[in-house]
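Beneath this line is the structure, given in structure tokens, with notes to follow.
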Amino acid sequence: MKRILAATALTLLAVSATACGSGDGGSGGKNKIVFSYWGSDSRQKLTEAAIAKFEEKNPGIDVEGDFSDWDSYYEKLATKTAAGDAPDVMSIEIRGLAEYAGRGTLADLTGKVNTADLDQNVLKAGQVDGKQYAVPTGVNAFPMVVNKAALEKYGQKAPDDKTWTWDDYIATSQRVTEKSGGKVWGTEYNENPAFLQIFAAQRGEQFYGDGKVALSEQTIKDWWALLKKIIDTKAGPAAAKMLETGTKVDQALLATNTSVFGSWWSNQLDTLTKGSGQELDLLRMPKAPGASASGMFLQPAMYYTISSKTEKAEGARKFVDFLVNDPDAGGILLSDRGLPTNAKVITTIKSRLTPADQKVLAFMDSIKGDLSPVVVPPKGAMEMEDILKRATDSVLFGKVQPDAAAKTFLTESDNALS
């Protein structure tokens, strides 16, 4: 990640000496725009189909897809940007928005792309300092996923997700592990910052504030205590097992039918369902007793952005407009980049969504009154997931005491965000 940030830091030096944006290129004298994105093989196929449909509707524009896997995406993007060869249209995530916008890499799209039919509250999550630098591709929440049939198999009832607590969640998970004879874990757990953000919001704390991590040491330690309780009660597996499983959704314990609960992004429900071969459902995250807020929030799955140096601004804007507003694009991409925030597109494609995505749509509608506003993280937030994981692993593996780990986490976080 430091290499990524270092490469990004070179942007302002490089762009002054190098021509930016893709060249006129393309076959037959057409305008060519380059679109960079990350993902799986299935996302690449869907994206290529959407590009083909756009080119059919816009015969004067060619789109070259610049595809990468997740692990190499940002390093590749930062290198291209620093070399003055930024793609015309770029996919980024919320952690990188302030970083890229703050370095002058992104064009201000205010009034440049039609956003009238998009969810205006979600649209604000693409703004930095009042300027619209990014257009959300779609939205996600970070709920609890449950295999209700497996719960019943091991004699447990599905919880009332409007009232259940963290203790209820752990106790139910523990009983599943016991009744399965250890063949199935009650829950897998996740070190994603979204989990900590929800936990903290239930205590009235924000993850970020005034450009820094605003969490108290006590809340961070209590979150680690929750994870340790899951391990110690055998509600979930030891840290080594979770490290072995990794963060890839197709390797999730839920996807391999070796867990009953697990927290994942909502647009991953379809993959989890296909992997398990069983019906899975979404629940609100458990709450702390007396909490006034659920802590749950909508977050853009990712963004479409346009390079501030592109020489093909008109074509780039047409392409982004197509991706977020055209029902044909929505019908191809469906929920791959989160459920569309364009209500008209949703209406058009609803019948084509998979049963799992239909559940996500219904769940999103049911929790909309419980959601906290989206907060765009400050510059440096791209390092946060790695910083939090290092600190969390150090505690769960017993290498560092929570007091020291919390101080280290906050110090490293402040350094990354400064």
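Positions are given from 1 along the sequence.
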Answer yes when [X] and [Y] have at least one side-chain N-carboxylate O distance shorter than 4.0 Å, and no when they do not.
X: Lys379; Y: Glu99; result: no
X: Lys318; Y: Glu314; result: yes
X: Asp62; Y: Lys32; result: no
X: Lys53; Y: Asp326; result: no
X: Lys399; Y: Asp393; result: no
X: Lys241; Y: Glu244; result: yes
X: Glu412; Y: Arg390; result: yes
X: Arg203; Y: Asp222; result: yes
X: Arg43; Y: Asp336; result: yes
X: Glu279; Y: Lys359; result: yes

- prompt: So is Arg337 actually on top of Tyr304's ring, under 6.0 Å and inside 45° of the axis?
  reply: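 No, cation not above the ring by the 6.0 Å, 45° rule.
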query: What about Phe207 and Trp223, are their ring centers closer than 6.0 Å?
result: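 Between Phe207 and Trp223, the centre distance exceeds or equals 6.0 Å.
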For [X] and [Y], which I'm curious about, is there any donor-acceptor pair between the side chains at under 3.5 Å?
X: Lys131; Y: Thr110; result: no
X: Glu205; Y: Ser216; result: yes
X: Asp270; Y: Thr354; result: yes
X: Gln278; Y: Asn257; result: yes

- prompt: Can you tell if the side chain of Asp328 reaches within under 4.5 Å of the side chain of Lys57, non-hydrogen atoms only?
  reply: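 Counting from C-beta outward, Asp328 and Lys57 do come under 4.5 Å.
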- prompt: Any side-chain heavy atom of Leu334 sitting closer than 4.5 Å to one from Pro340?
  reply: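 SC-SC contact between Leu334 and Pro340 ruled out.
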Contacts under 3.5 angstrom, residues 285-295 side chains, donor-acceptor by atom type, not counting sequence neighbours:
residue, atom, partner, partner atom, Å
Ser294, OG, Met296, N, 3.2
Ser294, OG, Asp370, O, 2.8

task: To the nearest 0.5 Å, tell me how far Leu410 CG sits from Lys212 NZ.
output: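 Atom-to-atom, Leu410:CG and Lys212:NZ are 10.5 Å apart.
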field: Heavy-atom donor-acceptor pair, Asp357 side chain to Ser335 backbone, under 3.5 Å
entry: no
task: Before giving the answer on side-chain contact (heavy atoms from CB on, under 4.5 Å), spell out for Leu106 and Ile92 the whole-Å C-alpha distance, their side-chain angles and the decisive distance to 0.1 Å.
output: CA-CA 11 Å; Leu106 307 179; Ile92 62 171; 4.0 Å; yes
